[in-house]
Amino acid sequence: MSNVTVIGAQWGDEGKGKIVDWLASRADIVVRFQGGHNAGHTLVVGDQVYKLSLLPSGVVSGKLGIIGNGVVVDPQALLAEIARIGEQGLSVTPETLRIAENAPLILPVHGALDRAREAARGERKIGTTGRGIGPAYEDKVARRGIRLCDLAEPETLDWKLDELLLHHNTLLAGLGAPTFSKAELLDYLMQVASSVLPFMAATWDILDDARRQGKRILFEGAQAVMLDVDHGTYPFVTSSNTVAANAGTGSGMGPGAAGFVLGIAKAYCTRVGEGPFPTELFDETGRRLGERGHEFGTVTGRPRRCGWFDAVLVRHAVRVGGVDGLALTKLDVLDGLDEIRICVGYELDGKKTERFPSAPAAQQRIRPVYETIEGWKETTHGARRWADLPAQAIKYVRRIEELVGAPVTLLSTSPDREDTILVRDPFEG
């Protein structure tokens, strides 16, 4: 039986939470392998709505959740999230959640630096959530990061905080922001230690045992390929690798761990924050997509920018992300449109191209080349079989498959878990 890795194939917010939750019923373990609490997944189960940021979506299905070493963990945010869903009747314990002992921690100083730098950028801001994700990843790579296992060793925290604050306080002072004392950070870490250390584990051993037993592992990505630090719209990206190849690195498993790679894409396109967006709409159609799709960030609440489906962008994500099949979401948002456009190429400096450029200035200059498809008046909302879809909706889906070079294996027609058309079970490979 194959493992499955779910990644976003656009700029995030494609509805990964619902798809992961839906697939979790077929999995034994669900693993987060990158990102932090800047990611957000909304799960609708019956009359309950769960908003998750750090917790693997499998916790809603009662499956073992693992937060891998590739995730940067804010202890305070994690404990608040556990408490919040606990109030909704879901208990998260060390029996249902394990966190890699070498997972890097996000400290209050990281968020402060994140926000100070973003303010200093002015008009050239990146559009970060200000939650300290980037600075925490920087510390990891610079070998000065505080990791979960360090909370069990006060003597290690002592000298590590000296090195960390030497760097961060210098930057904060230079930006005119308040600095931090070693005592306040040490006190903060000691306060959260007793609550988070029970979740600590050598998660790679747990996953290796599961692999040997033939269990199904579902890897849950955050953000999306176009926000990947290497392959996205740099510098308007996140600070981790969001592609499926990172599932092994971010969890302590080998390169073959990813299994079937399922890329999630909306039937249109959205983006939160700054950065290029070739198919962005500023007209009534764009507003209609935003309103009908309830396009507001799960974590930030920021309204999402909306536009037509960009097949060039998704084809790029399919290639560099290793996508085997697409899960197309929010098809019902397009119901009732007279015509629908798909971006099939770009014009750059008067020349046609079918490649998304890497250079930031070129990304800003590209203009979409559209193909127009007749819309449909019937509803697709809640459809659970291909036979329930209008002929034009099926034609639209098939055209997307041709353009991006990957088959649609799942189709979502509402936020409800059961309103899903299964074309091919990803766990069957």
Side-chain angles (χ1 to χ4, degrees), residues 6-23 39-45 49 51 57 221 223-226 262-272 277 279-281 284-298 302-311 313-314 317 323 325-337 339-343 373 375-386 388-390 392-401 403-404 406 408-423:
V6 175
I7 60 173
Q10 293 162 320
W11 278 295
D13 304 308
E14 301 97 346
K16 291 188 295 297
K18 171 195 167 170
I19 301 299
V20 171
D21 173 56
W22 192 82
L23 289 169
H41 292 158
T42 299
L43 282 65
V44 180
V45 183
V49 178
K51 294 183 180 294
S57 297
Q223 289 91 34
V225 173
M226 297 312 297
L262 184 66
I264 317 298
K266 279 178 184 163
Y268 49 103
C269 196
T270 63
R271 178 166 196 169
V272 170
F277 186 171
T279 65
E280 184 172 8
L281 294 170
E284 181 58 35
T285 300
R287 287 189 291 273
R288 174 177 174 171
L289 292 176
E291 290 169 3
R292 293 195 63 185
H294 305 289
E295 297 297 352
F296 296 91
T298 299
R302 292 182 292 182
R304 298 171 185 144
R305 301 152 64 190
C306 297
W308 295 118
F309 187 90
D310 190 334
L313 180 146
V314 176
V323 172
L326 283 183
L328 198 65
T329 65
K330 293 197 170 185
L331 182 67
D332 56 305
V333 174
L334 300 180
D335 291 353
L337 292 175
E339 62 179 33
I340 300 168
R341 289 184 168 188
I342 304 176
C343 175
I373 292 180
W376 55 89
K377 296 303 180 182
E378 308 94 324
T379 182
T380 64
H381 185 84
R384 299 182 181 181
R385 301 179 304 154
W386 274 106
D388 297 332
L389 295 176
Q392 277 302 119
I394 293 174
K395 182 179 178 180
Y396 179 68
V397 173
R398 294 304 187 203
R399 184 57 178 146
I400 285 175
E401 291 179 320
L403 290 168
V404 305
V408 171
T409 58
L410 284 169
L411 194 63
S412 172
T413 56
S414 94
D416 189 88
R417 177 192 279 174
E418 300 305 320
D419 291 341
T420 306
I421 298 172
L422 175 65
V423 182

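Only a predicted model underlies this, so the values are computations on that prediction, with no experimental measurement involved. For the numbers below, each heavy atom of this structure counts, side chains included, while hydrogens, waters and symmetry mates do not.
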**OP:** Evaluate the side chain to side chain contact (heavy atoms under 4.5 Å, CB included) criterion for residues R398 and E401: first the C-alpha distance (whole Å), next the side-chain angles of each, then the deciding distance (0.1 Å), finally the verdict.
**Re:** CA-CA 5 Å; R398 294 304 187 203; E401 291 179 320; 3.0 Å; yes
Original post:
Say you draw a straight line from CZ of R271 to CH2 of W11; how long is it, rounded to the nearest 0.5 Å?
Top reply: 5.5 Å
Original post:
Is there a donor-acceptor pair under 3.5 Å between the side chain of K330 and the backbone N or O of E14?
Top reply: no
Original post:
Which heavy-atom pair separates A383 from T413 by the least distance, and what is that distance?
Top reply: O-OG1, 2.7 Å
Subject >> 4.5 Å side-chain heavy-atom contact, L23 and I19 >> reply: yes
**OP:** List for me each residue that meets side chain to side chain contact (heavy atoms under 4.5 Å, CB included) alongside C306, sequence neighbours excluded, and say none if there are none.
**Re:** T270, L289, E295
**OP:** Begin with the C-alpha distance, continue with both residues' side-chain angles, and end with the deciding distance and a verdict on side chain to side chain contact (heavy atoms under 4.5 Å, CB included) for V404 and F309.
**Re:** CA-CA 11 Å; V404 305; F309 187 90; 4.0 Å; yes
Subject >> Gap between atom CD1 of I264 and atom OG1 of T329 - 0.5 Å precision >> reply: 7.5 Å
Subject >> L328 side, atom CG; L411 side, atom CG - distance, nearest 0.5 Å >> reply: 5.5 Å
Original post:
Is a side-chain N or O of Y396 found less than 3.5 angstrom from the main chain of I340, in a donor-acceptor match?
Top reply: no
Subject >> Non-hydrogen atoms of A393 and T380 that approach each other most closely >> reply: CB-CG2, 4.1 Å
**OP:** State the CD-OG1 distance between E339 and T285, to the nearest 0.5 angstrom.
**Re:** 8.5 Å
Original post:
Can you find a heavy atom in the side chain of D388 that is under 4.5 Å from one in the side chain of I421?
Top reply: no
**OP:** Apply the test side chain to side chain contact (heavy atoms under 4.5 Å, CB included) to residues V423 and W386: give CA-CA distance (whole Å), side-chain angles for both, the deciding distance (0.1 Å), then the verdict.
**Re:** CA-CA 9 Å; V423 182; W386 274 106; 3.1 Å; yes
Subject >> Contact summary for A327 and L262, nearest pair of heavy atoms >> reply: N-CD1, 3.9 Å
Original post:
Could E284 and R287 be called an ion pair, given the rule that one side-chain N must be under 4.0 Å from one carboxylate O?
Top reply: yes
Original post:
What distance do Q223 atom CD and I7 atom CD1 have between them, rounded to the nearest 0.5 Å?
Top reply: 12.0 Å
Original post:
Between OH of Y268 and OG1 of T279, what distance do you get to the nearest 0.5 Å?
Top reply: 12.0 Å
Subject >> Set of salt bridge (Lys or Arg N to Asp or Glu O under 4.0 Å) partners for R384, sequence neighbours left out >> reply: D419
Subject >> Donor-acceptor side-chain pairing of T420 and K18 below 3.5 angstrom >> reply: yes
Original post:
Hey, does the side chain of T409 reach the backbone of L326 with a donor-acceptor pair shorter than 3.5 angstrom?
Top reply: yes
Original post:
Ignoring hydrogens and geometry, is there a side-chain-to-backbone donor-acceptor pair from Q10 to K266 under 3.5 Å?
Top reply: yes
Original post:
Closest approach of A9 and A317, non-hydrogen atoms and distance?
Top reply: O-CB, 3.3 Å
**OP:** Tell me yes or no: between the side chains of D335 and T379, is some donor less than 3.5 Å from an acceptor?
**Re:** yes
Original post:
Within a strict 4.5 Å, meaning less than it, do heavy atoms of the L389 and W376 side chains meet?
Top reply: no
